[in-house]
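To keep things clear, I will list the structure first and then write my remarks on it.
What you see is a predicted model; the values in this text were computed from it and never measured. Side chains are part of it too, since the values below use all heavy atoms of this structure and drop only hydrogens, waters and symmetry mates. We're numbering straight along the sequence, starting at 1.
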Amino acid sequence: VQLQASGGGLVHAGDSLRLSCVASGRSFSNNVIGWFRQAPGKERELVAVIRGPSSLTMYGASVKGRFMISRDNAKNTLYLQMNNLKPEDTAVYYCAASDRQHVIVSQARDEEIYDYWGQGTQVTVSS
């Protein structure tokens, strides 16, 4: 099983980017899957997650209203649309997938429940 993230880059504040994460080796259409990020000197944090077959979504407080997570089950691909980017969004972004299909909100934030991780894609936002 592999997760391949792409779409990062260098942008200006206020710009938009869309990250993609292609899963190969199995389908995650009914699983918990999401995006995390890690900025230099900081711990990795949840950005957004789809909590299983119901497709309920949840977002980190700092990105809510600006980012949108979605998935295309036919393409086995996860997306993160990032709008109105800010310098504080600068980080390496990782996609992650769990073997679980149902988690409560507090569990979704726990990195331990994610079994597969992509290699990360760098997003840099200049002011």
For this session: Ignoring hydrogens and angles, state whether a donor on the side chain of Asn83 or Ser16 is under 3.5 Å from an acceptor on the partner side chain.
Result: yes

Exercise. Is a donor on one side and an acceptor on the other found under 3.5 Å between the side chain of Gln119 and the backbone of Ala5?
Worked result: yes

Exercise. Is the side chain of Arg71 donor-acceptor paired with the backbone N or O of Ser29 at a distance under 3.5 Å, no angle test?
Worked result: yes

Exercise. Is a salt bridge present between Arg37 and Asp89, judged by a nitrogen-to-oxygen distance below 4.0 Å?
Worked result: yes

Exercise. Between Phe67 and Tyr93, how do the two ring planes meet: parallel, tilted or perpendicular, split at 30° and 60°?
Worked result: tilted

Problem set entry | Greater than 12 external heavy atoms within 6.0 Å of Met68's CE | no

For this session: Tell me yes or no: between the side chains of Thr124 and Gln122, is some donor less than 3.5 Å from an acceptor?
Result: yes

Problem set entry | Considering all heavy atoms, the nearest Val123-Gly8 contact | CG2-CA, 4.0 Å

Seminar exercise, completed: Residues passing the salt bridge (Lys or Arg N to Asp or Glu O under 4.0 Å) test with Arg26, sequence neighbours excluded, are Asp99

Exercise. Trp35 side chain to Cys21 main-chain N or O, any donor-acceptor pair under 3.5 Å?
Worked result: no

Problem set entry | Shortest non-hydrogen contact between Arg51 and Val103, atoms and distance | NH1-O, 2.9 Å

Problem set entry | Parallel, tilted or perpendicular, as decided by the 30° and 60° cut-offs, for the rings of Tyr94 and Trp117 | perpendicular

Seminar exercise, completed: Shortest non-hydrogen pair, Pro53 vs His102, comes out as CG-CE1, 3.8 Å

Exercise. Would Tyr59 and Leu78 show up in the same hydrophobic cluster when neighbours are defined by side-chain heavy atoms closer than 4.5 Å?
Worked result: yes

Exercise. What heavy-atom pair brings Phe36 and Ala108 nearest, and what distance separates the two atoms?
Worked result: CZ-O, 4.1 Å

Problem set entry | Within one Ile-Leu-Val-Met-Phe-Trp-Tyr cluster: Ile50 and Val1, side-chain cutoff 4.5 Å | yes

For this session: Determine yes or no for a side-chain-to-main-chain donor-acceptor pair under 3.5 angstrom, with Asn84 supplying the side chain and Arg66 the backbone.
Result: no

Exercise. Quick check: does any side chain N or O of Asp72 sit under 3.5 Å from a backbone N or O of Ala74, one acting as donor and the other as acceptor?
Worked result: yes

Problem set entry | Same cluster (ILVMFWY, side-chain, under 4.5 Å), Leu17 and Val63 | yes

Problem set entry | Side-chain donor/acceptor of Thr77 to backbone N/O of Lys75, under 3.5 Å | yes

Exercise. Same hydrophobic cluster for Val92 and Leu46, using side-chain heavy-atom links shorter than 4.5 Å among ILVMFWY?
Worked result: yes

Exercise. Which pair of non-hydrogen atoms, one from Phe28 and one from Asn76, has the smallest distance, and what is that distance?
Worked result: N-OD1, 3.3 Å

Exercise. Is there a donor-acceptor pair under 3.5 Å between the side chain of Ser20 and the backbone N or O of Ser6?
Worked result: no

For this session: Treating Ile, Leu, Val, Met, Phe, Trp and Tyr as nodes and any side-chain heavy-atom pair under 4.5 angstrom as an edge, say whether Val49 and Leu19 lie in one connected cluster.
Result: no

